Amino acid sequence: MTPTNASLGFLDPAKLSRLGADGQLISGDAPTKEVPLHTALYQTRHAARAVVHLHSTTFRGSLDAARNRSAAPRCADDAVLP
């Protein structure tokens, strides 16, 4: 997970926040406040192997998903990295 106050243009892989399944920090810098979002997704979608979300003003899927769970965007199986 991206650490708190990290600049996406200058990410250092050694500083990425590595978290356990319980959301506790394993290594790296302190994670963002979005840990509960990621942890909740892993707890409710047991087959999930990664969580990717955007902070784009043009991406409205997350707003639709918040209003209507059936509208949640889904990735194709072959779009998930191993």
Side-chain angles (χ1 to χ4, degrees):
M1 177 175 289
T2 306
T4 298
N5 297 322
S7 171
L8 297 180
F10 299 97
L11 282 178
D12 177 355
K15 293 187 175 196
L16 289 176
S17 307
R18 292 185 53 139
L19 307 172
D22 60 357
Q24 295 299 308
L25 182 66
I26 294 173
S27 65
D29 289 354
T32 68
K33 61 186 174 187
E34 295 166 339
V35 170
L37 168 70
H38 289 247
T39 303
L41 287 167
Y42 283 124
Q43 290 173 348
T44 58
R45 298 183 181 245
H46 301 289
R49 294 173 49 194
V51 175
V52 178
H53 72 267
L54 305 173
H55 293 262
S56 170
T57 57
T58 59
F59 183 73
R60 299 290 304 225
S62 60
L63 293 176
D64 294 337
R67 293 184 188 121
N68 177 3
R69 294 191 70 169
S70 65
R74 297 184 57 98
C75 291
D77 289 340
D78 61 352
V80 178
L81 297 174

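A quick note: this is a predicted structure, and the numbers were derived from the prediction, not measured.
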Chemist: Pairs in or reaching into residues 14-38: which pass ring-ring contact (aromatic ring centres under 6.0 Å, His included), with residues at least two apart or in two chains?
Modeler: His38-His53
Chemist: Please report the closest heavy-atom contact between His46 and Gln43, naming both atoms and the distance.
Modeler: CE1-O, 3.0 Å
Chemist: Could you identify which residues cluster with Leu37, counting Ile, Leu, Val, Met, Phe, Trp and Tyr as linked when any side-chain heavy atoms lie under 4.5 Å apart, either directly or through a chain of such contacts?
Modeler: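 Leu37 shares its hydrophobic cluster with Leu41, Tyr42, Val51.
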Chemist: With a 3.5 Å cut-off and sequence neighbours excluded, list the donor-acceptor pairs that the side chains of residues 3-24 form with protein atoms.
Modeler:
residue: Thr4; atom: OG1; partner: Pro31; partner atom: O; Å: 2.7
residue: Asp12; atom: OD1; partner: Ala14; partner atom: N; Å: 3.1
residue: Ser17; atom: OG; partner: Asp29; partner atom: O; Å: 2.6
residue: Asp22; atom: OD1; partner: Gln24; partner atom: N; Å: 3.0

